[in-house]
Chemist: 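Mind having a look at this structure? Questions to follow.
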Amino acid sequence: MRATANVVRSLRAKETVRRAARSLAVLFALVAAQPSSGVAADAETAPLLAFSARVAGDDARTRLVIAFDRKPDFSIHYVADPVRVVIDLPETSFGLKPESLDPRGLFNAIRYGGMGAGASRLVLSANGPTEITEAKVLPEEDGSGYRLVLDAERIDRARFEKLLSEQQWKGSARAVKADRPSAPPKAGTFVIAVDAGHGGIDTGAIGGTSRIEEKRVTLDFARVLAETLNREAGVEAFLTRDRDEFLSLAQRVQVARQGNADLFISLHADTLRQKDIRGATVYTISDRASDHLAAELAQRENLSDEIAGIAIESEPPEVADILIDLTRRETQAFSVSLARSVVTSFEGQIKLINNPHRHAGFRVLQAPDVPSVLLELGFLSNKEDETLLLDPEWRKKVSGLIADAVRRYRQAAIANGG
């Protein structure tokens, strides 16, 4: 009897520890996922909190379980070429350990994050045709929240095509308006759209040492650059995104055009396998890449929509036409002029890659009437570049150099009747 009592006490103690551990996990996830404001968020309007997750299975069946603090609404969609399963959620703070959703079984990549407009998303990239055969939300027995359970199975192509044809969902492109006054700018105002690359579910590259996400680096730099440009007389700069949200490549172009932009500057900080390569690079659009590095970079940057589970077919019709025709020659010439001005401004001041003006088919530079450049500020895979990219003083210095380049570009354009 004494042995039995000891076992019971031991089991109860273990259960108490498990519950305490779960409560601590929720607490730590809340601290990690929520900004400190000093004011408690209203429970009904605050984002959901995903505080733990796990994946198990093989190449035939895979189960994904995510724990939330409240009951989540969700919807499931499918995208082809490549095959992706899209799980749409209300706005959610993901306080998850990155390794908890390491891909396995049917999935080769699992991404999650914000999609803007109070929405979040999980994108499960599959090795082949896949179906969610069961999806359910179950309450936790200890009352700590709810868990979303997704069971996936490998299916044949015919079944997957049937799923695609039967779903009502036609992609996720949404109307976007620039966060600036809707009235046209004052006559003579030079308007610049500053685009912080990546965002939301699309984290971009990851720092080799700091593990910082590219989307944070670009937004921090974009804010400083816009502030610097706005100190220039007759210049008005605005951000395509001013928070951690996802914008498709087409939406970024749309925001710039809606804002009557005269220039579009997209900011990035990539990684390379060759960790010794460092320095800034300025890219313009072209139907033929200048070199292998430019081609590979464009290919990676053009995957942004795929990462977020967006089908190319969901973009506005004119985008397809632009991809075929690229941009008008006059706009391309202005883009090249801006790129050269930036390179000239950087020379002798900050490290540049060899042949710092390059070109490739970047879809984010596709505006037919807005001169556009993509600026790789440096490489997060290089320790020296990574240190500089995180340095506030370096950001101020480089922003000043870009402002100088824009000033010279504008003066030249005015002199030429532009």
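All of these numbers come straight from a predicted model, not from anything done at the bench.
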Chemist: Listed by chain and number, what are the ring pair (Phe, Tyr, Trp, His ring centres under 6.0 Å) partners of Y112, not counting sequence neighbours?
Modeler: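 Y112 satisfies ring pair (Phe, Tyr, Trp, His ring centres under 6.0 Å) with F94 once adjacent residues are dropped.
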Chemist: Only counting residues at least two apart or in another chain, list the ones meeting ring pair (Phe, Tyr, Trp, His ring centres under 6.0 Å) with H77.
Modeler: W169
Chemist: Among pairs that include at least one residue of residues 262-290, which meet ring pair (Phe, Tyr, Trp, His ring centres under 6.0 Å), considering only residues two or more places apart or in two chains?
Modeler: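 Qualifying pairs, neighbours excluded: H198-H268, Y283-F362.
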Chemist: D270: what forms a salt bridge (charged side-chain N to carboxylate O under 4.0 Å, His left out) with it, not counting sequence neighbours?
Modeler: R300
Chemist: Just grab all the ring pair (Phe, Tyr, Trp, His ring centres under 6.0 Å) pairs involving residues 113-136, residues at least two apart or on different chains.
Modeler: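 For residues 113-136: none.
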Chemist: The criterion is salt bridge (charged side-chain N to carboxylate O under 4.0 Å, His left out); which residues satisfy it with E347, sequence neighbours excluded?
Modeler: none
Chemist: Test of understanding: with side chain to side chain contact (heavy atoms under 4.5 Å, CB included), list the residues that count as partners of T189, not counting sequence neighbours.
Modeler: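 Listed in chain order: P185, K186, V191, E236.
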Chemist: Is there any ring pair (Phe, Tyr, Trp, His ring centres under 6.0 Å) pair reaching into residues 202-226, and which pairs are they, with sequence neighbours excluded?
Modeler: none
Chemist: Taking side chain to side chain contact (heavy atoms under 4.5 Å, CB included) as the definition, give me every residue that meets it alongside E227, ordered by chain and number, with sequence neighbours left out.
Modeler: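 Side chain to side chain contact (heavy atoms under 4.5 Å, CB included) list for E227, sorted by chain: R231.
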Chemist: Name all residues meeting the ring pair (Phe, Tyr, Trp, His ring centres under 6.0 Å) criterion together with H359; count only those two or more places apart in sequence or in a different chain, and write none if there are none.
Modeler: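 With sequence neighbours excluded, H359 shows a ring pair (Phe, Tyr, Trp, His ring centres under 6.0 Å) to no residue whatsoever.
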Chemist: I'd like to check the side chain to side chain contact (heavy atoms under 4.5 Å, CB included) partners of A67; sequence neighbours left out, ordered by chain and number.
Modeler: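 For A67 the side chain to side chain contact (heavy atoms under 4.5 Å, CB included) partners, ignoring immediate neighbours, are F51, S52, E140.
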Chemist: Restricting to side chain to side chain contact (heavy atoms under 4.5 Å, CB included), what partner residues turn up for L138, sequence neighbours left out?
Modeler: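 Scan of L138 (side chain to side chain contact (heavy atoms under 4.5 Å, CB included), adjacent residues dropped) gives K136, R147, V149.
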